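One structure is given here, and the rest of the page talks about it.
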There are 2 protein chains.
Amino acid sequence: MKTVSQMQTEVRSGCGSASVVNACSDCSVRSRAICAVLDNSELAELSKVNRHRSLGAGDCLFFEGDPTEAYYVVTDGALKLYKLLPDGRRQVIGFLFKGDFLGATFSEEHAFTVEALTPTELCQMPREKFELFVNDSQPLGRKLLQVATNGLASAQEQMLLLGRKTAQERLASFLVWMSARAEERGDDGDHLGVPMSRTDMGDYLGLTVETVSRTITKLKTSGVISLAERGYIEIRNRDRLEEIAEG
Amino acid sequence: MKTVSQMQTEVRSGCGSASVVNACSDCSVRSRAICAVLDNSELAELSKVNRHRSLGAGDCLFFEGDPTEAYYVVTDGALKLYKLLPDGRRQVIGFLFKGDFLGATFSEEHAFTVEALTPTELCQMPREKFELFVNDSQPLGRKLLQVATNGLASAQEQMLLLGRKTAQERLASFLVWMSARAEERGDDGDHLGVPMSRTDMGDYLGLTVETVSRTITKLKTSGVISLAERGYIEIRNRDRLEEIAEG
DNA sequence: CGCCAGCTTGAACGAGGTCAACGGGAGTGG
DNA sequence: CCACTCCCGTTGACCTCGTTCAAGCTGGCG
């Protein structure tokens, strides 16, 4: 079980990213992100300290082991979070999309690497400032607790997947989850945008690329899904897909 | 990959458990549990609403799908948390010990079953009352956020284990973790108390009983550990164990 | 046009699962 | 006190699902 040498494009804080102060009032994800719980005066305060960040596909926002310097909200695009074993085996522990919060880990060092799947826009909030906000604003504190416990629940669901599901069940579960997330964002849940590579899916589902590919072929052959243009999957039989996902 | 029919001893709220109001002032886990952040007046308030619960080995505190009615602190003993697939495949998603908090999931339904491994004592706090506490006490809110994010970090670590580690690496990681937890509680980290069965370990590590047994034998043969009396494992070569754990 | 990265497919292999048997300790009942 | 049972852990033999290794295929890009 050997995997890839890690030749990721290194793009660190500031590099290649326009850093301009950003008004929250006309933010496209405001209603969906954690910022929704902030009132106008808090939002005005936040506008003073946040910065805009842009990443190209494949750029890393930070690496496992880097000191925690900021919190983020994804305003557009998609990211993957992953951990590495010394020999290069990789486990993707999550994907983030438009509106998601990044940094629900109040520790000194990042426990995972974050890399952009597509060109991605972020709202970056400096660590100390944001933590002051959290202490001052009760609604924000509660919102973060909710984000963290939601994350915990999905992580437990993923443990069930990784520990006990077959390859087909894993793929089906993944597609069902992607579809639900797409609908949350207001996207089409049946014509599914899939910004990650087969390798990324494998590293998320505890499988190899080959198995992912074969399993997708099988789902396609049995008419549950079909492949649309590059980066899109069509869900043809949602009921069957959900049945497979649950074992 | 079929597993066990689920014939667990059903012991629900109240059954077989003395329900008496409990003074926090002389609680054995007070300094270690979340209660440590409460001041004396808050503690006095809490004393008025909490109840004591006792479970025998194998008793279930609640089941996956039950409505959330209370939060708990483990005052003594050990618990396992698990999720089931319809066909009985089981994934243990965590173990709780003395001092641990249970209920960092602010949802309406429990997403997992909780079962006692040994006779266990709990401090039970009614849901609404506890949530009022959380809203009133900033330190408690922050503490819970910390508990939740710590849980999230361990869950991510476990994903790496389940997705990418070999059987031997999983067992080694598990023992290293158990040892660290024992030391946190002030127990001996080398003469390790292991209250769970081989089946439970397997269901936690995504393996079968047989593989757990074989792998333990291998670790024993290579001199890394040795088996002491029933329910105890001796760590003989911690460095080597940690080496194996990290791949 | 040619190159490279990502995806797919085939064939052989192996880590861990499945099935089966056995041994030992704890609880039970005679 | 012993006989019996049951559960748990261990071990062996065999098998399977997913991995590994290898080869081609496709589409985007210089």
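Quick caveat: nothing in here was measured; it's all calculated off a predicted structure. Values reported hereafter were calculated over all heavy atoms of this structure, with side chains retained and with hydrogens, waters and symmetry mates removed.
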Atom-to-atom span, [atom1] of [X] to [atom2] of [N] - whole angstrom:
{"X": "B:Arg230", "N": "C:dG27", "atom1": "CZ", "atom2": "C1'", "result": "13 Å"}
{"X": "A:Ile233", "N": "C:dC7", "atom1": "CD1", "atom2": "P", "result": "10 Å"}
{"X": "A:Met196", "N": "C:dG6", "atom1": "CE", "atom2": "P", "result": "15 Å"}

Give a yes-or-no answer on whether the side chains of [X] and [Y] include a donor-acceptor pair shorter than 3.5 Å.
{"X": "B:Ser173", "Y": "B:Lys165", "value": "yes"}
{"X": "A:Gln124", "Y": "A:His52", "value": "no"}
{"X": "B:Ser222", "Y": "B:Arg240", "value": "no"}

Across the strands shown, which category fits [X] at heavy-atom distances under 4.0 angstrom: base, sugar-phosphate, nothing?
{"X": "A:Leu227", "answer": "sugar-phosphate"}
{"X": "B:Gly206", "answer": "sugar-phosphate"}
{"X": "A:Gly231", "answer": "nothing"}
{"X": "B:Ser197", "answer": "sugar-phosphate"}

Closest to the [X] side chain: [options]?
{"X": "B:Leu207", "options": "D:dT19, C:dG16, C:dT9", "value": "C:dG16"}
{"X": "A:Thr211", "options": "D:dT19, D:dT11, C:dG16", "value": "D:dT19"}
{"X": "B:Thr217", "options": "C:dG17, D:dT19, D:dT10", "value": "D:dT10"}
{"X": "B:Arg198", "options": "D:dG9, D:dG18, D:dT19", "value": "D:dG9"}
{"X": "B:Glu210", "options": "D:dC21, C:dA20, C:dG17", "value": "C:dA20"}

Legend entry - Proximity of B:His191 and B:Tyr232 rings by center, below 6.0 Å: yes

Legend entry - Heavy-atom donor-acceptor pair, A:Arg214 side-chain to C:dG10 base, under 3.5 Å: yes

